[in-house]
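Data block below; observations after.
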Amino acid sequence: MKISRDLGKPAMGRRSFLKAVGSAALLPMLPRKLLASASAGANLRRCRPSDPAWPSQSAWKQLDEAVGGNLIAVDFPIADLKNAPTSPAAQDLIKNVANPYYVGEQPGLTESFGWVDAWATKPSVRAVAARDAGDIARAVNFARENNLRLAIKGGGHSYQGTSNAPDSLLIWTRHMKDIEMRTSFVPQGCERVMKPQPAVTVGAGTIGRWAYQAVTTEAGKYVQGGGCLTVGLAGLVQGGGFGSLSKHYGTAAGSLLEAEVVTADGQIRIANACNNPDLYWALKGGGGGTFGVVSKMTLLVHDLPEYFGSVELTIKAGSDDSYRRLIRQFVSFYQEQLFNDHWGEQAHFSQDNKLHIGMMSHGLDIGEVKKTWQPLLDWVANSDSGCSVEGRTTMACIPARHFWDSLWWRDHWPEVVLPRNGNPVHAVIDDILVHVMSNPAVTFDNRPGASVENAWWKGNTGEVAIFWWGYESLWLPSSLLNDDAQQHLADALFDASRHFGFALHFNKGLGGSPPEALALAKETCTNPAVLDAFALVIAGDGQQAVYPGLSGHEPDLVSARKAANMIHQAIDQLRAVTGSDCAYVSESNYFQENFPQAYWGSNYPRLTQIKKQYDPDGLFIVHNGVGSENWSPDGFTRRA
Ligand SMILES: Cc1cc2nc3c(=O)[nH]c(=O)nc-3n(C[C@H](O)[C@H](O)[C@H](O)COP(=O)(O)OP(=O)(O)OC[C@H]3O[C@@H](n4cnc5c(N)ncnc54)[C@H](O)[C@@H]3O)c2cc1C
């Protein structure tokens, strides 16, 4: 195992850390038995604030000094709402509960508020609002030496609550958002084996919008972030990571060239193809919060096409029979027209016999987009389909460089910001848009003083502050699109839709992707099922702005359990045709059966070896993460 260097700065081991903060001052706060060995036998139990061994006030003070005053108490606005509903913090929460920027700025909140019968968001006792790898190393050392439960939070978008843990110390990376374009990057130590490539280095707290702004809007390049603009890149990459255009560019994990990471021993390491290659591989899809704390990452960047496009279309079937026909038609239409790297995003199937298309194109102009969809529109209009188009159809192509340009969206849709007497005016822009969107696609952060560039897709608003009822995913192999399998697939999609609505996310399966994207994804530890899947199916539902114990705003447990059961039955219909149960770790069921196999397949044994090597005492434990089998569900007690 090589000890790395932090881009010129020496690696900071425990000894140098002690020196940096003054070992004489630090030593009294370390329980002696832990100094002797962190690996205190099989029944290791993490310390809680009620335990006598919990660090003293003076120990915390020393940590605070060591991290430059960035040890903070963690406010919990939900508790304020419960205990002091008229307080400014509670009022702030009420006003901004559907604003992902507000939520992301609270160290004590997470994008999802919880999941019925699974978890509810809870704050850590204290947080290190880290500025760099040195702060992270100090926090990691403090947690290890004081036997604390550690949590790591970046964008806070974990569905499964893996970035919050009560009674823990939080490492919060929100403020680590430096972004640097690299015209010809070579991973450290790879000078002889790798060519320089264009890349971007991002701090661990960087969210998608900030990266897109720097890389696409300002530099005219592409980086693989998430579809949702407020997802953190560190969590995204470590989960695998898909954006709307992943069918063309591949996974976010596949684009990782190098990570700077603090491991459980407090070392700051460089992980890339030449340094700590096993750790590097594990960080590419092995799940966040498991192998160490990433402090910065360097990601490959790509060229942009001229246009990205979007298609919004709803087709309504008049009866169950016509819905069956519509689904059958859509399956063959997808295989013929869309099963390639030009098309990503989603098709939604619902219990009320509607097919809603919300898809994105890469590298097509508006003529090509229209031509692609014409056969399906003709089928709906001309055949005895029993189907009709509902509402307004939108087909738009947008200069790729402006796709994530918040100010461009503001300028071109002024009504998004300033409704004119409730009567918005839509304009055709330079003949680029054939139809304009009937609803603004983007929402802006309207808090006083907020950055004018804080924007998010309207479609993601419904996921902020949500308490999940149920959520499941499954990769669908491309063989289901073969001529002799299409009917079987269409029947299963129809049957699934009788239980619960779901969406096929075509951009979250790499079947139909170019060889370069596939080659990069093969070098990650994501379940190999992703390589051949034409789509990831997702079904989920929940309730916004509720929390257990909050009078008048309690989760509806009866509806929740019913929905969870229906979601499970819907996905079961599709499991029956895939004959497998492979799911995407970052977007999957909290109660996933046989999660190691579902998330990582044949890669799991190697991942467990790497976990043992870098984190033998389970400092980094998350729900259903690698190695979590050996720990109690709350991550406090190692099982005998
Ligand atoms: C509304 C919404 C939309 C989403 N859209 C997409 C999408 O389009 N594509 C997609 O692929 N996924 C999507 N996801 C899933 C998302 O990619 C994962 O939840 C991802 O892990 C979130 O990363 P984060 O930093 O925002 O979250 P966090 O909750 O902060 O972190 C997620 C996990 O990574 C760990 N982690 C965070 N930072 C670090 C770090 N620096 N070092 C080590 N571990 C760290 C955390 O401990 C946690 O276990 C979405 C999720 C939500 C809620």
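Everything numeric here is computed off the predicted structure, so don't read it as measured data. Both counts, for ligands and for their atoms, begin at 1 and track the order of listing.
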Ala234, portion touching ligand 1 at heavy-atom distance under 4.0 Å: side chain
Element-labelled atoms of ligand 1 that are located less than 4.0 Å from some non-hydrogen atom of Glu111: 1 (C), 53 (C)
Pair Asp617 + Arg638: basic N to acidic O under 4.0 Å: yes
Check: Asn272 and Leu257 side chains under 4.5 Å, non-hydrogen atoms: no
Gly235: numbered ligand 1 atoms lying under 4.0 Å from its heavy atoms: 20 (C), 21 (O), 23 (O), 25 (O), 34 (O)
Ring centre gap for Phe403 and Trp457 strictly below 6.0 Å: yes
Side-chain heavy-atom pair Phe291, Val626 within 4.5 angstrom cut-off: yes
Heavy-atom neighbours of Asp634 CG exceed 12 at 6.0 Å: yes
For atom 17 (O) of ligand 1, the protein heavy atom that lies nearest, with its residue and separation: Leu236 CD1, 3.4 Å
Nearest-contact summary for atom 29 (O) of ligand 1 - protein heavy atom, Å: Ser163 OG, 2.6 Å
Geometric N/O contact Val622 with ligand 1, under 3.5 angstrom: no
Gly226, any N or O under 3.5 Å of ligand 1 N or O: no
Parallel, tilted or perpendicular: ring planes of Trp468 versus Tyr159, cut at 30 and 60 degrees: perpendicular
Gly292: numbered ligand 1 atoms lying under 4.0 Å from its heavy atoms: 42 (N), 43 (C)
Plane angle bin for Trp475 and Phe242 - parallel if under 30°, tilted between 30 and 60°, otherwise perpendicular: perpendicular
Mutual orientation of the aromatic rings belonging to Trp404 and Phe308 [parallel < 30°, tilted 30-60°, perpendicular > 60°]: perpendicular
Residue Gly227 vicinity, atoms of ligand 1 by number, heavy atom under 4.0 Å: 7 (C), 8 (O)
Min N/O separation Ala204 to ligand 1 under 3.5 Å: no
Minimum-distance protein heavy atom relative to atom 44 (N) of ligand 1: Gly289 N, 3.0 Å
Test item: Asp75 side-chain N/O and Pro77 main-chain N/O as donor-acceptor pair under 3.5 Å: no
Tyr471 side chain near Ile466 side chain, heavy-atom distance below 4.5 Å: no
Gly154-ligand 1 polar pair, N/O distance under 3.5 Å: yes
Proximity to ligand 1 by part of Lys153, non-hydrogen separation under 4.0 Å: both
Nitrogen or oxygen atoms of Ser158 and ligand 1 under 3.5 Å apart: yes
Closest to atom 7 (C) of ligand 1 (judged by heavy-atom distance), picking from Phe291, Tyr471, Phe242: Phe242
Identity and distance of the protein heavy atom lying nearest atom 3 (C) of ligand 1: Cys228 CB, 3.3 Å
Residues in side chain to side chain donor-acceptor pair (under 3.5 Å) contact with His402, at least two apart in sequence or another chain: Asp405
Gly156 to ligand 1, any heavy atom closer than 4.0 Å: yes
Geometric N/O contact Val231 with ligand 1, under 3.5 angstrom: no
Residue and atom name of the nearest protein heavy atom (relative to atom 41 (N) of ligand 1), distance in Å to one decimal: Val294 O, 2.9 Å
Protein contact to atom 11 (O) of ligand 1 [nearest heavy atom, distance to 0.1 Å]: Tyr584 OH, 2.6 Å
Aromatic plane relationship, His505 with His348 - under 30° parallel, 30 to 60° tilted, over 60° perpendicular: tilted
Residue and atom name of the nearest protein heavy atom (relative to atom 34 (O) of ligand 1), distance in Å to one decimal: Gly288 CA, 3.3 Å
Nearest protein heavy atom with distance in Å, relative to atom 13 (C) of ligand 1: Glu587 OE2, 3.2 Å
Close side-chain approach of Asn454 and Arg447, heavy atoms under 4.5 Å: yes
Part of His157 with heavy atoms under 4.0 Å of ligand 1, whether side chain, backbone, both or neither: both
Proximity winner for atom 49 (O) of ligand 1, if only heavy atoms of Ile171, Ile466, Thr162 are counted: Thr162
Side-chain heavy-atom pair His623, Ser628 within 4.5 angstrom cut-off: no
Proximal ligand 1 atoms for Gly241, defined as those under 4.0 Å from one of its heavy atoms: 11 (O)
